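Contents: one structure, followed by commentary.
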Amino acid sequence: MRPELLGASPVHGEAAPAVELQGITKRYGTTIACDDVHLSVASGEIHGLLGQNGAGKSTLVKILLGLVSRDAGQILLHGRPTEIPDPFAAAELGLAMVHQHFSLVNELTVWENVTLGDTGRPDADATCELVRSIGERYGLVVDPLARVEDLSTGQRQRVEIIKCLRRDPGILILDEPTSVLTLSDSRELFSVLRRVAQDEQRTVILISHKLDEILNATDRVTIMRSGRVVAQRRTSEVDERELAREMVGRELSKWVAASALGNLDALVDPALSKDPAMFTAVRPVEDRPAVRMRIDSAVASRDGRPLLQGLTLELRAGEILGLAGIEGNGQHAIGDLLSSLLPLDSGEVRVDGVPVPAGRPGAMHHAGIGVIPEDRHQSGCVLDMSVAENLVLSAVPSVSRRGFVSRRRMRERAEELIERFEIATPSPDTPMRDLSGGNQQKVVLARELSQQPKILVAAYPTRGLDVGAIEYMTEQLHEASRAGIGVLLISTELEEILTLSHRIAVIHRGAVVGEMPRMDVDIERLGMLMGGQQA
Amino acid sequence: MSDTTVLAEERIAAPRGRASSRIRSWLSGYPTLLTYLISISVALGISALLVMMTGTSPWTAVVALYEGSLSTPASVGLALDKAAPLLIVAAGTVIAARAGLFNIGQEGQLTVGATVACAVAIFVPGPGPLVLVLSLLGGALAGAAWAGIAAVLFYKTGVPIVIGTLLLVFIAVQVLFFAVTQPWLLQEAGPEGDVMPPQSELLRTEVWLPHIGEYPGLNFTSGVLIALALAVIVAVLLRHSVWGFKMTMLGMNKLAARRAGINAAVLGGTALLWSGAFAGLGGAVMLVGGNHRLQPGISENSGWDGLLVALVAKENPVFAIPVALFFGVLRAGGGFLASTGVPRYLVDVVTAVLVLAVAFPPAFRILRRTWQARAAARALAQSGKGAAA
Ligand SMILES: Nc1ncnc2c1ncn2[C@@H]1O[C@H](COP(=O)(O)OP(=O)(O)OP(=O)(O)O)[C@@H](O)[C@H]1O
Ligand SMILES: [Mg+2]
């Protein structure tokens with residue numbers, strides 16, 4: 001079925017690029033998402049696409065996939081001008097994409113999700129076999145009979161990729177595939193991509209905010225800023241700082257750069273600990289302030305599966321406590337518990353000494369706990385409501401009087417937050433759905449931070465943010481802690497934990513197994529604790 | 001899934017050719033205008049054919065419809081009276097729909113509402129106006145309770161709302177029938193030994209809804225005003241109140257609503273109760289505003305049609321006003337039409353055809369988009385193969 005795209009028909013001696021975009025322009029009202037973009041990617045190449053939140057990366061690849069119509073410009077596939085009016089056509093032409101947000105149906109099994117969108121009778125056995133064989137070929141092992149809602153984030157990402165690869169695409173596009181992956185999962189993904197590109201001469205376009213990924217995984221990189229291409233480099237000829245500078249348009253502080261670039265060595269470098277910026281960031285909280293929240297021997301389970309097994313944790317006013325651990329050790333359950341989504345079998349949660357009934361809707365919220373959930377796109381916002389509305393949600397009483405929402409006050413508040421958090425949106429009334437992925441994240445962050453909670457739970461707060469936004473986020477969390485808010489930072493990325501925390505606790509199998517102050521961090525011990533060894 | 005489908009909708013008007021494409025893109029920008037015209041014309045054609053099959057000329061039928069509903073001030077009043085309960089039911093339906101709940105049992109809630117309203121009107125002693133108000137309230141409460149059963153079934157045991165509310169319709173009809181066949185309940189009393197029909201006695205005139213205007217001028221019951229006021233209130237509350245904001249949030253994203261501290265069972269349950277209350281009130285208004293006695297079939301399918309009004313109005317309470325009027329006109333005219341020899345059920349068929357005509361264009365838009373996409377993909381695949389060969 002698939003047109004011959006792989007062998008790259010040599011035109012006039014020299015192979016034409018697999019994908020060539022010429023002068024692509026796309027406007028949304030007054031916003032120019034893509035502005036005269038030129039891009040060319042060869043067969044067998046992994047091409048990185050880098051840029052700040054709202055730079056137009058997703059829009060560009062959506063145009064290539066026929067999901068968004070362009071205003072001007074031309075698409076050439078293997079040197080041939082091609083119209084791609086819709087995703088069906090793109091699939092026929094051998095283009096496949098892993099989207100920024102999961103497009104899986106949670107209630108269905110893996111194989112059902114894989115056949116979704118096919119016409120004709122689904123064949124369970126054949127599809128399961130297909131899932132297994134693709135899994136074996138690329139090292140993407142996942143049980144075809146498992147239900148998607150039971151899978152971890154990493155496994156879900158695998159399903160998304162299998163969905164793409166089964167169509168045997170000549171051109172594979174991945175929009176921030178690793179923003180939800182753990183380190184080892186993303187390493188695995190990159191080895192798959194290598195194989196796909198080098199051994200099978202496919203073309204890969206990879207969008208990412210993580211500079212080290214771009215450097216390690218890609219052959220060439222294109223950098224976009226405000227819809228325009230500002231630089232195009234051979235990856236071997238650039239370094240992280242140069243990429244960051246091109247992307248943001250200015251120099252970043254060394255400290256934030258190290259964290260955003262995923263440079264672990266720099267973060268534990270003793271020389272850097274003398275850096276005054278770092279000193280204020282990670283200094284221990286003095287004279288032991290009051291305990292803001294205490295979780296005491298929390299035990300919880302769901303459908304007979306244990307989630308928390310006697311977890312005890314203390315959070316003091318004005319400190320940032322980093323909860324480190326390997327994905328799937330109860331981080332999710334802590335987030336749910338503190339969002340009133342999970343009742344406890346035993347144990348209790350106290351805020352300022354007062355017990356809070358776990359699992360009762362809104363109880364944690366009323367007790368003063370704000371949560372930046374890990375799946376913000378799904379449960380942190382309402383895509384069909386406007387940006388202004390999403391900036392209030394639970395805080396709606398603060399912009400209303402006598403039971404009625406004041407549109408004016410809601411708008412004022414929205415305008416203020418949009419400016420403060422540099423959210424790129426045409427107007428406060430724009431539907432949330434139309435914002436770029438990173439800007440949707442910023443809306444959730446802005447809302448939770450602006451409500452001045454007693455306690456702020458931030459799960460993977462920098463996920464999906466660009467380097468500049470990470471810098472801002474870091475400052476915001478520090479400021480929150482200075483204002484006396486207790487911050488519980490949940491992350492599987494050590495870099496993030498090390499950059500932000502004053503104190504680090506390690507979670508393993510639903511319990512806290514050890515802790516240490518940030519100043520005396522011992523990476524080796526941390527690693528052992530995370531792996532479940534006593535240290 | 002949903003993400004991708006919505007994205008696909010973004011690409012409607014792709015710039016292709018020049019002059020001719022401007023018309024095409026205009027059409028694709030307003031696909032509804034043309035498709036609405038076409039589908040309504042087709043519906044009228046079908047209706048005309050059906051009427052002709054019964055041996056009446058379509059023109060006679062149109063004239064009869066008009067005369068029954070719009071020709072005189074009195075018939076306009078009749079149409080208004082027919083529209084009022086539909087609008088009340090529709091306004092309630094919108095509340096539940098906004099919270100993401102699909103109540104389809106309005107017919108049952110309305111029936112129970114009428115039954116209880118009748119009981120209150122008959123058994124509660126006191127001055128007329130007071131009893132009238134109590135009767136209306138009783139109807140609303142009964143409707144709410146009836147919907148409340150479905151809510152409890154859903155939130156406690158997980159019986160889907162659609163199933164729960166639907167099944168309760170059939171029980172409600174039996175409840176009414178039981179009540180009007182038991183002399184110790186609502187059946188009207190007659191001379192010893194007489195077999196009485198299954199209906200209640202005529203309500204005393206003090207508990208009738210006051211009439212506005214005099215025959216033969218424009219006249220209608222005050223139920224019309226109640227309906228209008230309720231539709232406007234619901235529209236304002238849903239759009240501007242904190243309650244409406246939370247309801248919308250719940251309807252659009254349950255998970256986010258839960259995180260924001262909304263108790264779905266409480267807020268969703270309340271929405272369902274309100275929608276039941278509105279349907280029950282609709283039943284009460286039909287009783288004290290028009291029939292003045294309880295009979296099986298008193299609802300005249302107003303519950304179902306009220307639900308339809310809400311659907312056709314795309315769950316917008318203000319838009320429901322003209323839609324309810326349209327239905328009211330058909331109902332009033334339909335009664336008159338029946339007197340010209342056209343079977344009454346045909347009026348229902350024609351109503352249904354017209355509703356389909358209104359519902360068709362949005363569905364067609366989605367269908368057409370899929371067809372276009374498929375065709376384009378096939379064409380591209382063909383050309384790709386040709387070039388490769
Ligand atoms: N459907 C839409 N309607 C209006 N504006 C839109 C729409 N889609 C995207 N935009 C705007 O276009 C710009 C580019 O968005 P895009 O999603 O391409 O960004 P991005 O580079 O992928 O960012 P991120 O890293 O945050 O995902 C943003 O300013 C966004 O608000
Ligand atoms: Mg994006």
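Chain letters run A, B, ... following the sequence lines, proteins first, then strands; residues in each count from 1. Owing to the predicted nature of the structure, the values given are computational and were not obtained by experimental measurement.
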Could you report the tightest heavy-atom contact between B/A256 and A/C381, atom names first, then the distance?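 That would be CB-O, 3.8 Å.
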
To the nearest 0.5 angstrom, please state how far the [atom1] atom of [X] sits from the [atom2] atom of [Y].
{"X": "B/T248", "Y": "A/D384", "atom1": "OG1", "atom2": "CG", "result": "11.0 Å"}
{"X": "B/F245", "Y": "A/F404", "atom1": "CZ", "atom2": "CZ", "result": "14.5 Å"}
{"X": "B/K246", "Y": "A/L393", "atom1": "NZ", "atom2": "CG", "result": "11.5 Å"}
{"X": "A/M364", "Y": "B/R259", "atom1": "CE", "atom2": "CZ", "result": "12.5 Å"}
{"X": "A/S340", "Y": "B/I262", "atom1": "OG", "atom2": "CD1", "result": "12.5 Å"}

Is chain B contacted by the side chain of [X], its backbone, both, or neither, given a heavy-atom distance below 4.5 Å?
{"X": "A/V371", "answer": "side chain"}
{"X": "A/R407", "answer": "side chain"}
{"X": "A/V392", "answer": "side chain"}

Among the listed options A/S394, A/S379, A/G380, the residue most often paired with chain B at heavy-atom distances under 4.5 Å: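 Option with the greatest count: A/S379.
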
So which of A/V396, A/V399, A/D375 has the biggest tally of heavy-atom pairs under 4.5 Å with chain B?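 Most heavy-atom pairs under 4.5 Å with chain B: A/V396.
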
Could you tell me whether the side chain of B/N253 and the main chain of A/L383 form a donor-acceptor pair under 3.5 Å?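 No, because the side chain of B/N253 does not come within donor-acceptor range (under 3.5 Å) of the backbone of A/L383.
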
State, yes or no, whether a side-chain contact exists between B/M249 and A/V382 at a heavy-atom distance under 4.5 Å.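 B/M249 reaches A/V382 side chain to side chain.
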
Does atom CZ of A/R27 have more than 12 heavy-atom neighbours, drawn from other residues, nucleotides or ligands, at distances under 6.0 Å?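 Atom CZ in A/R27 is not crowded, with 12 or fewer foreign heavy atoms closer than 6.0 Å.
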
Using a 4.5 angstrom heavy-atom cutoff, name the option from B/A265, B/A264, B/G261, B/G244 with the most pairs to chain A.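 Winner by heavy-atom pair count: B/G261.
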
Given the options B/K254, B/R258, B/H240, which has more heavy-atom pairs under 4.5 Å with chain A than any of the others?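 Among the listed options, the one with the most contacts to chain A is B/H240.
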
